[in-house]
Visitor: 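Shown below is the structure under consideration.
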Protein chains: 2
Amino acid sequence: MYYFFAEGVIIIEPKCISRVILKRLPIYLGYLKSLPNDAPPHISATTIANVLQMGEVQVRKDLAAVCDIGKPKIGYKVRDLIDELETFLGFKDMNDVIIVGAGKLGKALLSYEGFREYGLSIVAAFDVDDTVIGNMNSTKPIYHISKLSDLCQRMNIQIGIIAVPAESAQAICDYIIKCGIKAIMNFTPYLLKVPSDIIAHHVNIAASLALLSKQLSEQT
Amino acid sequence: MYYFFAEGVIIIEPKCISRVILKRLPIYLGYLKSLPNDAPPHISATTIANVLQMGEVQVRKDLAAVCDIGKPKIGYKVRDLIDELETFLGFKDMNDVIIVGAGKLGKALLSYEGFREYGLSIVAAFDVDDTVIGNMNSTKPIYHISKLSDLCQRMNIQIGIIAVPAESAQAICDYIIKCGIKAIMNFTPYLLKVPSDIIAHHVNIAASLALLSKQLSEQT
DNA sequence: AGTATATCGATATATATTTATCGATATAAC
DNA sequence: GTTATATCGATAAATATATATCGATATACT
Ligand SMILES: NC(=O)c1ccc[n+]([C@@H]2O[C@H](COP(=O)([O-])OP(=O)(O)OC[C@H]3O[C@@H](n4cnc5c(N)ncnc54)[C@H](O)[C@@H]3O)[C@@H](O)[C@H]2O)c1
Ligand SMILES: NC(=O)c1ccc[n+]([C@@H]2O[C@H](COP(=O)([O-])OP(=O)(O)OC[C@H]3O[C@@H](n4cnc5c(N)ncnc54)[C@H](O)[C@@H]3O)[C@@H](O)[C@H]2O)c1
């Protein structure tokens, strides 16, 4: 939170929401959406906190960041809350995504239907291997990498997933940035170097699993 | 960090390393391991910080948590540092892992060779679908779920990956806990409920990608 | 109507994490 | 040998995050 002082009055810049909160919002949303239709129309922060094993104050604070419809004794209207969360998180309008590398992981992602619920539309995958190019099992096309530039520019696609071997990751990264990609999710264990105006998010499944393993061994 | 006061003396409990630091350690390790063989044998926290775009004090503090071999003007001996990081993170001795759900994602993980470098050995996958059971493309076996209990108990496997449809996630979770699994990595968007002595880590790829998308749209 | 209670939002405190500062030290240059 | 400098570790300050407390309020109960 940034504070600006102007003529003695404190103006609080409301734009920025911390990354930690942002990561929790989809969890609340997921839980709310999992509630049965015959559940009561309102829910309290206390209930949410208990189910999700969080502090109730934290839940209230997180929710306050996106909505202001909590009523004492009643709680939040579930439908409104879902709506506000979805709107806030941008799940309501679709964002196009391309995948580079249609190997085992790339193909799994390409055919995964679950993205839609999060406002994401996987448009196509790109590869260099002629044996995977074309549309085999998935409903989504796999093109040669040479078609990437044209497609991204025509459709104004700004989000890319990298699922190529680690050795090619940086080259592909540089390339897709040149093609107009502005945000990258990288599944390779290679740490990408990107210009400051490009957002890169690294997902290292093996490292995460290893940390889980370490946690386990420490618990004893 | 916890502080205990005993007879006026402050005793600092050294056990706990924060999760944030733990997540960064594999990044340092990965970078150090990527250095060419003809690189100088020592490296400074300043250099690491610059390459990885982190604060140099943070790098020093993180490294101090696992080693104490930094020398002024010289820095850290790369080989020792790699060794200490790998030892600390437990990458040197193998931990067995099983996967439940040999669908698209499960099979990708099953055949992924990269886990070995992190001290992880994927032993087998389990499924209910007869058409995927047996060993097709991967070198690792896919068994019927009914074999899970026996294998886990015989090999004393404590780490499990859940890659079944979300609807089955909780049931599978309960089941593998009964079979002796103590740490779970869950790839379904369903938030698992586990007893307090079980570690569960949730990986929601779609939600992460959606947050990336949101970040992008906010950047403007 | 009056009171009890669940719940909210706000404020305050505690903890955790990041960033800055500074003296100490090992090497290199002179 | 002396001095300059890169670098470390430690301590301190700033920021961020989590938890606790408390008055206010909407409903339910008497
Ligand atoms: N498979 C997993 O479960 C898993 C888990 C964690 C991380 N990863 C990482 O994800 C990446 C992909 O893994 P995978 O198992 O799918 O590998 P894979 O070998 O099955 O697939 C890689 C694909 O990338 C293609 N490719 C290679 N160079 C390319 C280029 N320059 N441009 C476009 N396409 C190119 C290949 O033709 C291949 O189809 C790897 O970096 C791996 O480390 C995979
Ligand atoms: N595919 C992806 O890229 C992706 C991305 C993010 C999340 N996920 C999640 O991962 C999970 C698996 O995704 P997928 O694409 O591999 O789905 P999938 O349908 O390809 O595979 C699911 C597998 O689980 C098996 N299965 C079903 N019930 C089972 C049970 N009770 N016990 C054992 N096996 C059972 C099925 O036979 C099937 O082989 C889903 O929950 C999905 O939401 C997948």
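Being a predicted model, the structure only gives us computed values, none of them experimental. Chain letters run A, B, ... following the sequence lines, proteins first and then strands; every chain starts at 1.
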Visitor: Please name the residue in the list A/V123, A/I181, A/I122 that meets the side-chain contact (heavy atoms from CB on, under 4.5 Å) test with A/V97.
Guide: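 With A/V97 as partner, A/V123, A/I181, A/I122 yield a single side-chain contact (heavy atoms from CB on, under 4.5 Å), made by A/I122.
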Visitor: Tell me: CD of B/E56 to P of D/dG9, nearest whole Å?
Guide: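 Between P of D/dG9 and CD of B/E56: 12 Å.
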Visitor: Scan side-chain atoms only and decide if B/Q170 and B/D174 contain a donor-acceptor pair under the 3.5 Å cut-off.
Guide: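 Yes, side-chain donor-acceptor contact under 3.5 Å.
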Visitor: Whole angstroms only, please: what is the CD1-C1' distance between B/I43 and D/dT7?
Guide: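 For the pair B/I43 CD1 and D/dT7 C1', the rounded distance is 13 Å.
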Visitor: So what does A/A64 hit on the nucleic acid, given a heavy-atom distance under 4.0 Å: a base, only sugar-phosphate, or nothing?
Guide: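 Counting heavy atoms under 4.0 Å across all strands, no contact is made by A/A64.
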Visitor: Considering only D/dA18, C/dT7, C/dA26, which nucleotide approaches the side chain of A/V20 most closely?
Guide: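 Among the listed nucleotides, the one closest to the side chain of A/V20 is D/dA18.
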Visitor: At under 4.0 Å between heavy atoms, what does B/G55 touch on the DNA or RNA strands: base, sugar-phosphate, or nothing?
Guide: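 Here B/G55 touches no strand at all.
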Visitor: Rounded to the Å, how far apart are A/I48 CD1 and C/dA6 C1'?
Guide: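 Going from CD1 in A/I48 over to C1' in C/dA6 covers 15 Å.
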Visitor: List for me each residue that meets side chain to side chain contact (heavy atoms under 4.5 Å, CB included) alongside A/I74, sequence neighbours excluded, and say none if there are none.
Guide: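 Scan of A/I74 (side chain to side chain contact (heavy atoms under 4.5 Å, CB included), adjacent residues dropped) gives A/H42, A/K71.
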Visitor: So if I take every side-chain heavy atom of A/R60 and compare against D/dT7, C/dG9, C/dT18, which nucleotide ends up nearest?
Guide: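 The listed nucleotide nearest to A/R60's side chain is C/dG9.
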Visitor: Can you tell me which nucleotide in C/dC8, D/dT7, D/dT11 comes closest to the side chain of B/T46?
Guide: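 Selected nucleotide (nearest to the side chain): D/dT7.
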Visitor: So which one's nearest nucleotide on DNA chain C is more toward 5', B/S18 or B/V57?
Guide: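 Its nearest nucleotide being more 5', the pick is B/S18.
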Visitor: For A/F115 together with A/Y112, are the ring centres under 6.0 Å from each other?
Guide: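 Yes: the rings meet the under 6.0 Å criterion.
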Visitor: Roughly, in whole Å, what's the span from CD in B/Q58 to P in C/dA16?
Guide: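 Whole-Å distance recorded here is 17 Å.
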Visitor: Report yes if a side-chain nitrogen or oxygen of B/Y76 is closer than 4.0 Å to either non-bridging phosphate oxygen (OP1 or OP2) of D/dA6; otherwise report no.
Guide: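 So the side-chain polar atoms of B/Y76 never come under 4.0 Å of the phosphate oxygens OP1 or OP2 of D/dA6.
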Visitor: Assert yes or no for the condition that the ring centre distance of B/Y31 to B/Y28 is strictly below 6.0 Å.
Guide: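 No; B/Y28 has its ring centre 6.0 Å or more from that of B/Y31.
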Visitor: For a quick check of understanding: with a heavy-atom distance under 4.0 Å over all strands, which category does B/R19 fall into, base, sugar-phosphate or nothing?
Guide: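 B/R19: no heavy atom of the nucleic acid under 4.0 Å.
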Visitor: Over how many whole Å does the gap from A/L63 atom CG to C/dA10 atom C1' extend?
Guide: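 Atom-to-atom, A/L63 to C/dA10, this comes out as 16 Å.
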Visitor: A/K61 has an atom NZ; how far is it from atom P of D/dT21, in whole Å?
Guide: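 Distance, rounded to whole Å: 15 Å.
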Visitor: Report the distance from atom CE of A/M54 to atom P of D/dA18, rounded to the nearest whole Å.
Guide: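 In whole Å, D/dA18 P lies 9 Å from A/M54 CE.
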